[in-house]
Novice: 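I have a structure here, written as structure tokens, and I will follow up with some questions on it.
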Amino acid sequence: MKYLIKAVTTNNRDLKTALLFTIEERSYLFNCPDGFQRVALSNKVKFKGVRYVFLSGIQADYYGGFPGFYLSSRESSSGTIADLQAFKIGVIGPAKIKEFITQGRCFYGGLNFIEIFQYGKLDRFYTEQFQNGQFTPKISKHDPNNLQTEKSKKAKAQQQQLQSNQEEEKKSYEIQQELEESQEECHEFQDNYLKVIPIKVYSSDHTELESYSFICVPKQNRGKFLPKKAIELGADPKFHFKILNEGNTVTLADGSIIYPYQCTDNPLPSQSFIFVFIPNKNYLESFLSPENKQLFEQFYFENIDQKCNQIHLIYHSVAFEVLMNKDYRDFMRQFGLNVKHVVDCEEVNDEVQMKVKGYQLSSRHALVCPTLIPLSKMAIQRHQEEAKTQLAEFHQVYNLLISQVGQVFNLYPINSSNVVDNSQVIQLKDLYTEEDESLNTEMQQLIKSLLKLKKNEDPNMDLEQYTQLDNSIDDTEPSILFLGTSSMKPTTYRGASAIYVFIKGSGILMDSAEGSYGQLYDHFQKKEIVDEHILKLRVIFITHIHGDHQLGVLKIMAERDKLFNMAEPGNELYVVTPQPMWDYMTDYINSALRYPTMVKLVKISDLNPEPQLYYDNESPQYNPKQPHIKEGSQLFKRKYSKTSVILCPVRSYEEVNQMIENHQPNHQVSQEMLRMLNEKMNITHMNAIEVNHCVESFACLFGSPDFGRIFYSGDTLPCQTVINYGQNVKLLIHEATFDDALEADAKSKKHTTVGQAIEIARKCKPWRTVLTHFSPRYQKIGEIDKRHQEHRIMVAFDHLRFKLSYLEWAYKFLPIYSNFFTNESTDSEAQYDKSRDFMLQKQKEINDINIQQIQKTQNSTTANAENKKQ
Ligand SMILES: [Zn+2]
Ligand SMILES: [Zn+2]
């Protein structure tokens, strides 16, 4: 039997803890922080079969990765219709979880496969019984003798007293209510495998949201089967042993019944465990409240009479200050010396969680032209030596272990030497193998010789001069950083859509997929720099509702919120939001942020300079509460069977300028944002240009007399509005999801192919074009061919960062990139071999050419010499 706990991710600066408990084939996930799936994937931490997800809160550090997790689980389960029908994920969270997920249904793609439960609502918990695949909801009540709070005991006693005294009914009713309420707070979750008792804790100054920790009691293991006992009771080894061994009853010929427990050993004790999530010391008082202490007491070592409640492991995803607190240590001590304590503190862990594959690829990309991908060295040091020393002292008293991503704790069979399994942990030596190093060195040399070769062939191609330019972010001109360039979802190699534009010390983020914050962290490495850029971020423009463009906004808003000690009017973040996400965003801002006034939502359609919608003229009636438009319904007919489609007119450049100039947003907050953009960044207009993708899809356009216009298409089919408003822009960033062979796919998914994007660039005549949003099938590099050179088009990579003027020459490096990176194999080792083969071959070619050149010069010298002789 499998019975284990796995650290899917740990508590770091950029990402928080996610834990998995697996019993037999079923798994339970505890928290889904923003970006956790990608980190797990790239560290080869696998998990599947998750049936329930427990959330400590609705903050991005707990919930931020849930939508992405749900969507990818659903996608991977849907092999057949039957698979999809069997698929279900239950999410259990604090108050508001239901509204919150329901409001996000526009990007959840309906809520048919999610069950939502709320802590403290007894009636929302189910005990599952699989009978013909049916769910039987059953109210799960705790054992009143076992898990009774002080409050409910008191209430009960009072009630009994009242009843005996025949007091007035009203008071009795009130107390009855109180009793029920107190029972509600003392809820627990239970299915056939696991009982979870959530512990709610508050921050003492009430500035932060509640957080939940969990006591988990898995089902008891059946005792060992005793054949002798079974024979004594009349069982026939041939027919009955198997049945009894599987835990079923046997009826003998004489009608007597043998129960399995009659012929088994004492059941094995259940290996209980506690997951503690305490963000800071302000929560301690509440965590160690008398009420909670009473709950913990049943599990304290000295109180354990039945072994079934014994706690074997406590996982501390807490702040270091909590771990060092005396009261908290007392709490730890009570569970006895045999408990395994796993410590997962941000202060002790590595600063950043490694996205190994992505980093390896980016650092290799960076070899071609370090000016364009200025990657910092991976922060591999555990920080805070002091914390480590303190921990070492601490370690002598407790059975301590520092958590690592991929670490597995076996709870069964009980065998202390077998408790921790580190085989899935990727060590630093795995990340930087000598082989990698030598490959990088080889590659670096080869790139150098390639650059020289190009210069020899064509003196205009002196690329080496660009490889070491100053690419600092300064006020002289805008800098653009691609945080993610994948479409659909983040992959091991690429993040999903997010582009940070730095202008005059402030920032605009165009789209913000899940993990954008982590990518920003990977890029700059230092917390101070990341904090600075998060604080200076003033606008997030969400082009449309798809998860690969917006799921990371919550995390960015939350991190920004953490940087304030008080609301600072004048430093608000404006989030340009499509209508279907409006309520969801409003709710998050008001319930999960400490300073909700520091985020202002701007209606995306308010920035549209056109008088009407062309591709989606039904969207004003779009109703987020009506997720499925049924085929044959009136709405379906109106939406999809339009007979007359109003085509967007072809507009001249002058007309476009007029439209932009005359456009006045209706809402005050939009006007306010435009004023701020003007003051801070000298941006004279920001517009949302309707594109042809999903409901409320827009491109982002803004301009300044300092640098001209920047246009980012978001996701779209090739469309006239882009051709209109993209005219003569300085920089056109266009999606190019598929290569030309997949045009039909592109059309059905409403995306653009590389060829189409190049055609749009040809029509718009921007100064430069960058293509991005590549399908996950192009893991290493977007499709590149001769056309890019012809049209001076650059291809985006994760961590590509450039000053606008660098686009003058950046595209010239593309042939070098495409020499070294191909998408043929997704298997990295094979890929490395391939790139080595390629390099060796290239080396040979270069040598051959060099030899030829040498021979040529030799020949000519000899010829000259001979001529002279003659
Ligand atoms: Zn997309
Ligand atoms: Zn999309």
Side-chain angles (χ1 to χ4, degrees), residues 34-35 37-38 67-68 70-72 74-75 104-110 482-491 493-500 509-516 519 540-553 576-581 584-585 604-605 613 615-616 619 622 624 627 688-700 711-719 721-722 732-739 742-754 756-757 760 770-779 782-783 795-798:
D34 177 274
Q37 265 199 108
R38 184 169 178 228
Y70 168 75
L71 290 171
S72 60
R74 196 180 65 184
E75 187 192 299
R105 72 162 89 221
C106 63
F107 54 82
Y108 274 107
F482 282 81
L483 293 171
T485 56
S486 173
S487 75
M488 258 95 99
K489 60 185 177 189
T491 69
Y493 291 97
R494 288 176 185 263
S497 298
I499 307 167
Y500 197 125
L509 188 57
M510 300 191 290
D511 281 334
S512 173
E514 189 191 340
S516 299
Q519 291 282 89
I540 302 179
F541 191 109
I542 304 170
T543 59
H544 64 291
I545 58 173
H546 287 160
D548 59 328
H549 295 258
Q550 53 83 2
L551 294 178
V553 177
V576 180
T577 312
Q579 186 58 38
M581 285 177 64
Y584 174 78
M585 296 287 281
I604 196 165
S605 52
L613 294 170
Y615 307 106
D616 178 36
S619 86
Y622 176 80
I689 308 300
E690 194 204 3
V691 291
N692 191 358
H693 187 56
C694 64
V695 65
E696 289 247 327
S697 292
F698 290 88
C700 175
F711 188 108
Y712 163 54
S713 70
D715 287 2
T716 182
L717 264 168
C719 63
T721 40
V722 171
L732 173 70
I733 302 170
H734 205 286
E735 73 126 301
T737 311
F738 296 105
D739 67 43
L742 295 171
E743 199 175 320
D745 277 9
K747 195 173 179 190
S748 71
K749 290 174 179 147
K750 293 204 167 190
H751 284 299
T752 305
T753 65
V754 173
Q756 288 167 339
I760 287 165
V770 178
L771 301 184
T772 186
H773 195 270
F774 304 106
S775 153
R777 70 174 64 225
Y778 316 114
Q779 286 270 9
E783 288 294 292
V795 161
F797 301 95
D798 279 23

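These figures come from a predicted structure and were not determined experimentally. When a ligand or atom number is given, it counts from 1 through the structure's own listing order.
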Novice: Are the side chain of T752 and the backbone N or O of A757 linked by a donor-acceptor pair below 3.5 Å?
Specialist: no

Novice: In total, how many protein N/O/S atoms does one find closer than 2.8 Å to the Zn ion (ligand 1)?
Specialist: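 For the Zn ion (ligand 1), the figure is 4.
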
Novice: Please give me the minimum heavy-atom distance between R38 and T491, naming the atom from each residue.
Specialist: NE-O, 2.6 Å

Novice: Is any side-chain heavy atom of Q579 closer than 4.5 Å to one of I604?
Specialist: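 Heavy-atom side-chain distance check fails, nothing below 4.5 Å.
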
Novice: Decide if the gap between the ring center of F107 and the ring center of Y584 is smaller than 6.0 angstrom.
Specialist: yes

Novice: So which of the N, O or S atoms of H693 lies nearest the Zn ion (ligand 2)?
Specialist: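 Checking each N, O and S atom of H693, the shortest distance to the Zn ion (ligand 2) belongs to NE2.
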
Novice: Given the side-chain rings of H693 and H751, with only the six-membered ring counted for Trp, is the space between their centroids under 6.0 Å?
Specialist: yes

Novice: Are T577 and V553 close enough that some pair of their side-chain heavy atoms sits under 4.5 Å apart?
Specialist: no

